[in-house]
Structure formats: structure tokens, C-alpha cells
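Values below: all heavy atoms of this structure, side chains included; hydrogens, waters and symmetry mates excluded.
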Amino acid sequence: VSGRSVIYFDHNATTPLRPEVKAVVCAALDEAWGNPSSIHGVGRRARAWVERARKEVAALVGGLPEEVVFTSGGTEGDNLVVRGLARSAAAARALRGRRPHVVSSPLEHPAVVGPLAQLEGEGFEITRLPVSPAGEIDPDHLGRALREETVLVTLALANHELGNLYPVTALAAVARERGVLFHCDAVQAAGRVPVNVGELGVDAVTVSAHKLQGPKGVGAVWIRHGLLPDPLVAGGHQERERRAGTENLPGIAGFGEACRLAQQALAENGARVARLRDRLEMRLLAIEGARVHGARGCRTPGTTNVGFEGAPGDLVLIGLDLEGVCVSTGAACTSGTPAPSPVLLGLGLPFERAREALRFSLGPDNTQAEVDQVADLVKTVVARVRAAG
Ligand SMILES: Cc1ncc(COP(=O)(O)O)c(C=O)c1O
């Protein structure tokens, strides 16, 4: 589709780089090529860029700059915290031969599912909380799942496919009361809805630059002061022993700028994008046999997940792509596989219904004209797919 204009409704997969962010990335490449660990002036200049970005990331999540650890993105961040905190917390506990226990949900992103599977292979026991058909998680269920040997709870703030926001403040309070660490994957939430680690009462949060119009391949975890996850990467002393390796300076600088701009426009963009999403959803629901997946009340502003009965999502996606419209049938990393998304199956949807799911995720640059055009195109493509089936 390159070379002609596309309508991009896949912001949960990734977002276009903001021009202001690109300018900062380029300036960092030119002006901050030093090694931030070097003691001389060139190194100190590079260090200043990293620390400025650290402040912006910390401000976006309401934490202290020294609690922010830069990573290569959301996936590394989730791995560092889920595996690293579970392991270090288990080692610090007197479990007397009992298996350490971690609580999560069946709706998590593969970046959390993967490290949980590794922990399971190491002998950890994993409980996945029950979810309602709309994908809601009840804090009472968490209370019942916690045990003496529970070392970590990991739950997303916003679901990547449904956009649903979880009651993390209430969930984290349940864990805290029992002395259990709480990690929250805020990759889909940060820059779209307010995220404040103090108000959430969590111990660690993951964010990723490319979901908020920053560059790809850079992200961060906020980890509460005093917590030291087992590192993923052995090597130098960077990032206060939490993440070895010379920093991705241009990426980090761009990430900081993207956080600053996202924070500035948070309320305004949120309200506008939600209005566009609601308009799109209303028009899509007017198509016969359409249904919205997940709870509609509390979501990130841009996301709606809709199924059209009798029209497999992958076929509608291809039809829309041919018209220059980008949407998704699932998490970016599982696109291309015909199996329905584990999130939709996790809601208890039958296989056929789950296969019909399409995720539309809007961003701040989308317009009402695009919404209306996409709604018309979906109607046409769904009718075509149904007629061919
Ligand atoms: C909820 C969630 N967590 C983690 C990730 C992984 O982030 P990254 O693409 O930066 O590795 C994603 C990306 O889709 C996500 O949606």
C-alpha cells in the first residue's frame, strides 16, 4: 500500500512516528553520539539526553526518574519484570519446597504469556483468573486466588485487542494487602489514558514508545524503588544494574519526546479519538449481524473490536486492505496466523465467532471523514465476503 494514501485504523499494533519525535531522534544521532557511560564531555552530553528522556517517561507514568529502566520495548520490559521479579521474589521467600505461585489472566499479551510459560517450565505455578464474557476481572477472584506462596500478580491495564481497561487500582490493593508484588502492562494505556503508578498502587509498569508515536525498539519499565528484578541480560552496569548494554540513545531521546507530547495532548486527544471511535462503532453496529466484543463502558479511547456474523475476520481484513484500510484481527504478532485470537477465545466465544473479530484502533490523526469512509467500506466488504461464503 505504500505510495498511496491509506486509512490507518491499527494504532494498537503500532503508530506513525510524530514529525517532532523524528526531529529529536535525528538531533540525538547528530549531537549525542557519545557513550552515556563515558566520563568525558562527549559522554556527559549523551548522558544528559538519556536523563532528560528518563524524566519525561517518569512524568508520563507518575514515577521517579530513577525508577525508570529503558528497554528494547514492551516485550523486553514484560520479560524483565515478569520473569525477573517473580524469580527474585521467589528467591527471597522461605517457600520450604512449595512451588512459587504467580497470578495472571487468560487475556494477556504474548509478551506476558511467554515469560509466564517459562516460569511454569521452571516450576512456578500459574493461576489465570476467570473473566466474564465481556472480559471483566473481579478483584474478589484475585483475593481468592492469592496464596501464601504467591510472589507476583501480572495484569494489563488495557487489553490490546478489546481496549478494555481493568480495575487495576482495586486489583493492586488486594495484592498489596497480602504483600504480593503487582506488575501492570500499561503498553496499550500509556499516552492514551492517564497512568499514575502512585494512584494505581502497583510495583512495576511496562510501557513502549511505538504505541505512542515514538520509535520502535525502545520502551521502559518503571520499577518501584528498592526492587531488583533478576536481570535478563548480563553485562555492564547500565540502568542501575537492571539492564546491561549501551543505551539506544536516539530511540530513548525520541521516546522521551513522544511521552512529553502525548502527556500534553492526553485529555484533548482522548476525548476526540473516543468520539471518532463511538461514531465508527455506531455505524458498524448498524450492519446486520454485527456485535462488539468486550465491555463497552471502560476502554482506551480508540479501540473497538467488532465481529460480523458469517464473515471471517481475515477475509474482511484482506478486503479492506485492498481498499487501503488497515485494521487487525488480533495482536500484531499473531496477525497472519489463521487461528482465532486467544483473547477472544479467553472470553469464551465459540471458535467461529472468535474468527469473525476485527479490531479497529484509531489514533489522534484520524478524521471523521475517514471514519465514515471506513464504515461504508466495511459494509460493502462484509456483504461481499458473506455472498462469497
Ligand atoms: C499489551 C502489550 N504488551 C506488550 C507489547 C509488546 O510491546 P513491543 O511491541 O514494544 O515489544 C504489546 C504490543 O503489541 C502490547 O500490546
Side-chain angles (χ1 to χ4, degrees), residues 5-13 15 107 132-136 158-166 188-189 191-194 211 265-330 340-341 343-344 347 349 352-387:
S5 71
V6 296
I7 299 181
Y8 189 76
F9 279 9
D10 200 12
H11 289 77
N12 287 13
T15 58
L107 307 180
S132 78
E136 291 139 327
N159 184 270
H160 50 293
E161 293 191 30
L162 310 169
N164 284 168
L165 291 161
Y166 294 98
Q188 290 291 345
R192 296 170 181 175
V193 295
K211 308 289 186 187
L266 194 67
E268 189 196 324
N269 279 345
R272 201 167 46 77
V273 173
R275 271 198 304 277
L276 292 177
R277 186 271 316 274
D278 291 346
R279 183 183 177 95
L280 175 69
E281 193 169 83
M282 189 188 69
R283 296 211 42 195
L284 295 179
L285 282 173
I287 299 170
E288 208 193 314
R291 68 167 66 76
V292 172
H293 301 125
R296 287 175 70 188
C298 198
R299 282 180 293 181
T300 49
T303 314
T304 178
N305 191 306
V306 188
F308 302 93
E309 199 163 334
D314 53 341
L315 299 185
V316 180
L317 182 151
I318 292 165
L320 287 173
D321 187 38
L322 291 172
E323 304 288 349
V325 177
C326 306
V327 299
S328 164
T329 53
S341 124
V343 171
L344 276 299
L347 299 183
L349 282 183
E352 277 316 308
R353 294 287 85 80
R355 267 194 69 199
E356 289 158 1
L358 275 178
R359 180 185 71 188
F360 300 80
S361 49
L362 283 62
D365 297 331
N366 289 134
T367 63
Q368 187 169 310
E370 288 180 327
V371 164
D372 291 343
Q373 205 180 330
V374 169
D376 290 342
L377 284 167
V378 171
K379 191 170 181 202
T380 310
V381 171
V382 165
R384 207 186 291 150
V385 167
R386 280 174 174 160

Exercise. Taking the side chain as every heavy atom from C-beta outward, state whether Leu377 and Leu320 have any atom pair closer than 4.5 Å.
Key: yes
Quiz item: Would you find a donor on one side and an acceptor on the other, under 3.5 Å apart, between the side chain of Gln368 and the backbone of Leu276?
Solution: no
Exercise. Spell out, as yes or no, whether a donor-acceptor pair under 3.5 Å connects the side chain of Asn164 to the backbone of Ala295.
Key: yes
Self-check item: Minimal non-hydrogen separation, Arg386 against Ala311, with atom names
Solution: CG-CB, 4.2 Å
Quiz item: Hey, does the side chain of Lys211 reach the backbone of Thr15 with a donor-acceptor pair shorter than 3.5 angstrom?
Solution: no
Quiz item: Would a distance-only check, ignoring hydrogens and angles, find a side-chain to backbone donor-acceptor pair under 3.5 Å from Asn305 to Glu161?
Solution: yes
Quiz prompt | Exam field: side chain Arg277 to backbone Thr303, donor-acceptor pair closer than 3.5 Å | solution = yes
Quiz item: Is the closest side-chain heavy-atom distance between Gln373 and Glu323 below 4.5 Å?
Solution: no
Quiz item: Does any non-hydrogen side-chain atom of Phe360 lie less than 4.5 Å from one of Glu281?
Solution: no
Practice problem: Could you tell me which non-hydrogen atom of Asp10 sits nearest to which non-hydrogen atom of Val327, and how far apart they are? | Solution: OD2-O, 3.8 Å
Quiz item: So, do Pro133 and Leu347 sit near enough that their side-chain heavy atoms are less than 4.5 Å apart?
Solution: no
Self-check item: Pairwise distance OG(Ser341) to NE2(His160) - rounded to 0.5 angstrom
Solution: 6.5 Å
Practice problem: Return the minimal non-hydrogen interatomic distance between Tyr8 and Cys326, and the atom names on each side. | Solution: CD1-CB, 3.8 Å
Quiz item: Can you list the steps and then say if Leu344 with Arg355 is a side chain to side chain contact (heavy atoms under 4.5 Å, CB included)?
Solution: CA-CA 8 Å; Leu344 276 299; Arg355 267 194 69 199; over 6 Å; no
Quiz item: CG/Leu362 to CZ/Arg275 distance, rounded to the nearest 0.5 angstrom?
Solution: 13.0 Å
Exercise. Please examine the side chains of Arg279 and Asp372, heavy atoms only from C-beta on, and report whether any two atoms are closer than 4.5 Å.
Key: yes
Quiz item: OG of Ser328 to NE2 of His11: how many Å apart, nearest 0.5 Å?
Solution: 13.0 Å
Quiz item: Hey, which of Val193, Leu162, Thr304 is the one that makes side-chain contact (heavy atoms from CB on, under 4.5 Å) with Arg299?
Solution: Thr304
Quiz item: Which atom pair, heavy atoms only, marks the closest approach of Ala158 to Ala189?
Solution: CB-CB, 4.0 Å
Quiz item: So, does Asn269 use its side chain to make a donor-acceptor pair with the main chain of Arg192 at under 3.5 Å?
Solution: no
Quiz item: Between the side chain of Gln188 and the main-chain N/O of Asn12, is any donor-acceptor distance below 3.5 Å?
Solution: yes
Quiz item: Is there a side-chain contact between Met282 and Leu285 (heavy atoms, below 4.5 Å)?
Solution: no
Practice problem: For residues Glu356 and Val306, determine if any side-chain heavy atom of one lies less than 4.5 Å from a side-chain heavy atom of the other. | Solution: no
Quiz item: Are the side chain of Asn159 and the backbone N or O of Leu107 linked by a donor-acceptor pair below 3.5 Å?
Solution: yes
Exercise. For residues Val385 and Phe308, determine if any side-chain heavy atom of one lies less than 4.5 Å from a side-chain heavy atom of the other.
Key: no
